[in-house]
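Here, residue 1 is the first one in the sequence, and each next residue gets the next number.
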Amino acid sequence: MDFLGKDGGAGLGSGPGMSVGCALALQGTGRLPLAVIGDGDYMMGVSAIWTAARYKVPVLFVVANNLGYFNDELHQEKVARTRSRTTENKAVAQHIGDPDIDIAGIARAQGAVGYGPVHDADELARVMTQAIADVQAGKVCVVDVRVVPGYDSLMTKGLLREVKAG
């Protein structure tokens with residue numbers, strides 16, 4: 001019961017809905033339902049926040065906000081390289097900043113408590129203490145945490161490697 005749901009790709013926008021379902025399954029167990037999801041997944045499935053608020057399913061969402069669909073930027077880059085095209089456009093329609101999306105504001109618009117954006121570890125510790133108390137009091141809570149965009153170099157290299165036919 002420490003990990004519920006599914007980790008991995010191919011579930012575009014499914015993180016919020018799966019998280020609410022897991023929180024529903026955990027009701028009455030004394031466990032704190034906490035989901036760490038990306039900003040893109042959050043935006044694609046944000047209506048699940050409303051569902052949790054409407055049916056009073058306490059859950060804590062921590063949104064790892066890198067201001068982009070970064071995984072898709074890597075896919076765009078790989079396709080561009082495969083087609084011998086420039087990679088400079090890989091962030092077009094993938095970067096979700098300038099203007100930044102108000103993740104916490106969208107949470108409040110769904111009936112949840114919204115915090116952030118949180119920019120440093122000290123602030124995160126304070127906000128998480130309050131957010132956990134909110135969820136324990138029966139609320140739906142979303143914390144927008146800014147994270148550094150990208151993956152480490154080995155992961156990026158692996159995602160961009162060419163697969164040889166054969």
Side-chain angles (χ1 to χ4, degrees), residues 2-23 32-53 57-78 80 87-137 139-160:
D2 291 335
F3 178 84
L4 302 173
K6 178 186 180 299
D7 186 24
L12 297 175
S14 66
M18 285 193 301
S19 300
V20 171
C22 292
L32 178 81
L34 182 145
V36 179
I37 61 175
D39 50 345
D41 196 35
Y42 173 79
M43 290 305 300
M44 287 184 269
V46 75
S47 63
I49 307 299
W50 177 89
T51 302
V57 179
V59 58
L60 173 54
F61 290 90
V62 176
V63 179
N65 186 350
N66 65 4
L67 300 176
Y69 300 104
F70 188 73
N71 192 47
D72 289 330
E73 284 187 42
L74 292 177
H75 291 287
Q76 297 281 53
E77 182 175 343
K78 187 172 186 175
T87 60
E88 68 186 27
N89 295 326
K90 68 182 181 181
V92 172
Q94 306 306 323
H95 179 74
I96 49 179
D98 193 25
D100 293 359
I101 294 172
D102 186 351
I103 298 290
I106 290 172
R108 289 188 291 275
Q110 307 304 307
V113 177
Y115 292 99
V118 175
H119 294 278
D120 66 61
D122 290 336
E123 183 183 10
L124 180 60
R126 288 189 302 276
V127 168
M128 288 300 290
T129 298
Q130 183 59 54
I132 289 168
D134 289 340
V135 174
Q136 290 171 332
K139 297 177 183 174
V140 177
C141 194
V142 175
V143 180
D144 175 4
V145 181
R146 294 297 168 94
V147 298
V148 177
Y151 296 127
D152 72 19
S153 61
L154 290 175
M155 185 171 201
T156 300
K157 186 177 178 178
L159 288 169
L160 294 176

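- Shown here for Ser19 and Val59, the closest heavy-atom pair between the two residues is O-CG2, 4.2 Å.
- Nearest approach of Val147 to Ala64, heavy atoms of both residues: CG2-C, 3.9 Å.
- Residues satisfying the side chain to side chain contact (heavy atoms under 4.5 Å, CB included) criterion with Ala107, sequence neighbours excluded, are Tyr42, Ala112, Val142.
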For this session: Could you walk me through whether Gln110 and Thr51 pass the side-chain contact (heavy atoms from CB on, under 4.5 Å) test, one step at a time?
Result: CA-CA 8 Å; Gln110 307 304 307; Thr51 302; over 6 Å; no
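- Applying the side-chain contact (heavy atoms from CB on, under 4.5 Å) test between Leu34 and each of Leu60, Val135, Val143 identifies Leu60 as the sole match.
- Under the salt bridge (charged side-chain N to carboxylate O under 4.0 Å, His left out) criterion, Asp100 pairs with Arg146, not counting sequence neighbours.
- The side chain to side chain contact (heavy atoms under 4.5 Å, CB included) test applied to Glu123 returns Val118, His119, Asp120, Arg126, Val127, not counting sequence neighbours.
- Looking at every heavy atom in both residues, Ala52 comes nearest to Val20 through CB-CG2, 3.8 Å.
- The shortest non-hydrogen separation linking Pro16 to Ile37 is CG-CD1, 3.8 Å.
- Proximity of a side-chain donor or acceptor of Asp39 to a complementary backbone N or O of Leu67 within less than 3.5 Å is detected.
- Going from atom CZ of Arg108 over to atom CD1 of Ile49 covers 13.0 Å, rounded to the nearest 0.5 Å.
- Of all the heavy atoms in Pro33 and Pro58, the pair that sits closest is CG-O, 3.1 Å.
- Looking only at distances, no side-chain donor or acceptor of Asp134 sits under 3.5 Å from a matching main-chain atom of Cys141.
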For this session: Show the numbers, then the answer: is there a side-chain contact (heavy atoms from CB on, under 4.5 Å) between Leu124 and Tyr115?
Result: CA-CA 10 Å; Leu124 180 60; Tyr115 292 99; over 6 Å; no
